[in-house]
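First comes the structure, then the notes that go with it.
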Amino acid sequence: MMQKSECQIEIINRIRILRLANNVSQMSLANILDISSGLIGNIESPKFQHKYTLKQLYAIASYFNVKLDYILTGENKTLDSEKLIQTLIEYDG
């Protein structure tokens, strides 16, 4: 079974922390993304290879009113386009 990359784990954990800090349950996030709450559990679990799609990452950033750059890197600075693309490729891996 393929495991999540370090980049994927960091992004998923950043979203989980953001979700918890804003008192958003897995069920609520699932409703926002129009997916099952079980899938959120699978995404947040290191046991499964599920991850958020790029469209979902964008929706999460919009919902929590943070830059996609923050979701991808944890930094509140705008990434140049090349760094953004490199990070997205690494995440999509």
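Numbering starts at 1 and runs along the sequence shown.
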Return the minimal non-hydrogen interatomic distance between [X] and [Y], and the atom names on each side.
X     : Y     : answer
Ile71 : Ile11 : O-CG1, 3.6 Å
Lys51 : Tyr91 : CB-OH, 3.4 Å
Glu90 : Ser5  : O-OG, 4.2 Å

Looking at [X] and [Y], would you say the former's side chain and the latter's main chain have a donor-acceptor pair under 3.5 Å?
X     : Y     : answer
Asn22 : Leu18 : yes
Gln49 : Lys4  : no
Thr73 : Asp69 : yes
Asn42 : His50 : no

If hydrophobic clusters are built from ILVMFWY residues whose side chains come within less than 4.5 Å, do [X] and [Y] share one?
X     : Y     : value
Tyr70 : Ile17 : no
Leu88 : Leu79 : yes
Leu54 : Leu84 : yes

Would you tabulate the side-chain donor-acceptor contacts of residues 56-63 under 3.5 Å, counting partners in other chains and residues two or more places apart, or write 'none'?
from: Gln56; atom 1: OE1; to: Thr53; atom 2: N; distance (Å): 2.8
from: Gln56; atom 1: OE1; to: Thr53; atom 2: OG1; distance (Å): 3.4
from: Ser62; atom 1: OG; to: Tyr58; atom 2: O; distance (Å): 3.1

- [ ] Begin with the C-alpha distance, continue with both residues' side-chain angles, and end with the deciding distance and a verdict on side chain to side chain contact (heavy atoms under 4.5 Å, CB included) for Lys67 and Thr78.
- [x] CA-CA 8 Å; Lys67 290 179 166 244; Thr78 303; 2.8 Å; yes

Open item on the list: Other members of the hydrophobic cluster containing Ile89, with the 4.5 Å side-chain heavy-atom rule, please.
Closed with: Ile85

Please report the interatomic distance [atom1]([X]) to [atom2]([Y]), rounded to the nearest 0.5 Å.
X     : Y     : atom1 : atom2 : answer
Tyr52 : Ile15 : OH    : CD1   : 5.5 Å
Gln8  : Gln3  : CD    : CD    : 11.0 Å
Ser45 : Ile40 : OG    : CD1   : 13.0 Å

Open item on the list: More than 12 heavy atoms of other residues, nucleotides or ligands under 6.0 Å from CG of Asp34: yes or no?
Closed with: no

TODO: Please name all residues satisfying side-chain contact (heavy atoms from CB on, under 4.5 Å) with Arg19, sequence neighbours left out, ordered by chain then number.
DONE: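 For Arg19 the side-chain contact (heavy atoms from CB on, under 4.5 Å) partners, ignoring immediate neighbours, are Arg16, Val24, Gln26, Leu29, Glu44, Phe64.
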
